[in-house]
Amino acid sequence: MATRDAGNGPVLGTPDDFPDRPERGGRLVVHVVIGVLVAIIAGGWGYVMWSMNGSANGAIAQVMTFKVQGPTEAEITFLVSKPDDREAVCRVRAMDVYHVEVGSKEVRIPPGQGTKQVKERLSTSAEATSVHVQYCNLV
């Protein structure tokens, strides 16, 4: 018959009934490789974030205020910090409630002042809900 009398022992056997597991080596190498890959990925991501905040190109913009003037116009006031002897170009962007661009404008900041407050109006194709500086680059 397919069944047997287990008696007083476990049905599947005891640990002594099975052979010992073989030793597994090489785990240190696997962990080191994974650690190196994680470090490379983290470093690359850090570089991307660093290069996107403006500190890599020398011009940093900080939005102070924005105001929607109506369905066809918006206004933004922002502060640009750059080297005194360099010109900067900043792209101002207006977005609607669905995060679709409804207006944009490139603003040139001439050499002279290192930190300058800029106030700009831009035309929009629909009513904007936010206005921000997409980037500022030195020319």
Side-chain angles (χ1 to χ4, degrees):
M1 192 155 238
T3 61
R4 68 182 175 107
D5 186 17
N8 292 335
V11 175
L12 297 177
T14 63
D16 294 332
D17 296 339
F18 299 99
D20 290 337
R21 288 186 177 177
E23 289 291 323
R24 296 179 68 185
R27 286 188 177 179
L28 177 65
V29 173
V30 171
H31 288 116
V32 168
V33 169
I34 290 171
V36 168
L37 288 175
V38 167
I40 290 171
I41 291 169
W45 184 252
Y47 176 76
V48 167
M49 293 292 103
W50 174 76
S51 66
M52 294 301 291
N53 72 4
S55 61
N57 60 23
I60 300 172
Q62 177 70 44
V63 175
M64 297 171 71
T65 64
F66 71 87
K67 185 177 180 182
V68 177
Q69 304 287 349
T72 60
E73 190 175 65
E75 182 180 276
I76 184 171
T77 304
F78 60 99
L79 194 66
V80 177
S81 299
K82 62 177 185 57
D84 292 340
D85 60 338
R86 301 283 302 270
E87 181 180 10
V89 176
C90 298
R91 185 170 193 266
V92 179
R93 189 175 186 193
M95 310 286 277
D96 71 358
V97 69
Y98 300 108
H99 303 284
V100 175
E101 183 178 296
V102 293
S104 67
K105 184 177 187 180
E106 284 203 351
V107 180
R108 295 186 93 73
I109 295 93
Q113 297 173 319
T115 301
K116 184 173 183 180
Q117 182 174 323
V118 181
K119 188 175 196 176
E120 279 295 323
R121 290 181 186 266
L122 61 145
S123 300
T124 59
S125 59
E127 188 167 10
T129 56
S130 69
V131 185
H132 69 275
V133 179
Q134 187 175 10
Y135 62 81
C136 279
N137 291 324
L138 295 176
V139 180

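Values in this document were obtained by computation on a predicted structure and should not be read as measured data.
- The side-chain contact (heavy atoms from CB on, under 4.5 Å) search around Val97 returns Thr129, not counting sequence neighbours.
- Counting only residues at least two apart or on different chains, no salt bridge (charged side-chain N to carboxylate O under 4.0 Å, His left out) pair has a member in residues 28-48.
- Partners of Lys67 under the salt bridge (charged side-chain N to carboxylate O under 4.0 Å, His left out) rule, at least two apart in sequence or in another chain, do not exist in this structure.
- Partners of Lys105 under the salt bridge (charged side-chain N to carboxylate O under 4.0 Å, His left out) rule, at least two apart in sequence or in another chain, are Glu120.
- Here Met95 contributes atom CE and Ser104 contributes atom OG; the two are 10.5 Å apart, rounded to the nearest 0.5 Å.
- Here salt bridge (charged side-chain N to carboxylate O under 4.0 Å, His left out) pairs that include residues 69-78, with residues two or more places apart or in two chains, are Glu73-Arg121, Glu75-Lys119, Glu75-Arg121.
- Looking at Val107 and Val118, their side chains come closer than 4.5 Å, going by heavy atoms from C-beta outward.
- With sequence neighbours excluded, no residue forms a side-chain hydrogen bond (donor to acceptor under 3.5 Å, both in side chains) with Glu127.
- For Glu106, the side-chain hydrogen bond (donor to acceptor under 3.5 Å, both in side chains) partners are Tyr135, not counting sequence neighbours.
- Summarising the geometry, atom CZ belonging to Phe78 is positioned 14.0 Å from atom CD1 belonging to Ile60; distances are rounded to the nearest 0.5 Å.
- The salt bridge (charged side-chain N to carboxylate O under 4.0 Å, His left out) test applied to Arg86 returns no partner, not counting sequence neighbours.
- The line from CD of Gln134 to CZ of Arg93 is 4.5 Å long, rounded to the nearest 0.5 Å.
- For the pair Asp84 (side chain) and Gly114 (backbone), a donor-acceptor distance under 3.5 Å is present.
- Pairs of residues two or more places apart, or lying in two chains, never qualify as disulfide (SG to SG under 2.5 Å) while including a residue from residues 14-50.
- Partners of Ser81 according to the side-chain contact (heavy atoms from CB on, under 4.5 Å) rule, which considers only residues two or more places apart in sequence or in another chain, are Thr115.
- With rounding to the nearest 0.5 Å, the separation of CG in Asn137 from CZ in Arg91 is 12.0 Å.
- The two atoms that bring Val68 and Ala128 nearest to each other are CG2-O, 3.1 Å, heavy atoms only.
- Between the side chain of Ser125 and the backbone N or O of Val102, at least one donor-acceptor pair lies under 3.5 Å.
- For Thr14, the side-chain contact (heavy atoms from CB on, under 4.5 Å) partners are Pro10, Asp16, Asp17, not counting sequence neighbours.
- Pairing each heavy atom of Lys82 with each of Gly112, the nearest pair is NZ-N, 4.1 Å.
- Of all non-hydrogen atoms in Ala74 and Val131, the two that sit nearest each other are CB-CG2, 3.7 Å.
- The SG atom of Cys90 sits 3.5 Å away from the CD1 atom of Ile109 when rounded to the nearest 0.5 Å.
- Judged as a salt bridge (charged side-chain N to carboxylate O under 4.0 Å, His left out), and not counting sequence neighbours, the contacts of Arg108 are Glu87.
- With hydrophobic clusters built from ILVMFWY side chains whose heavy atoms lie under 4.5 angstrom apart, Val133 does not share a cluster with Leu138.
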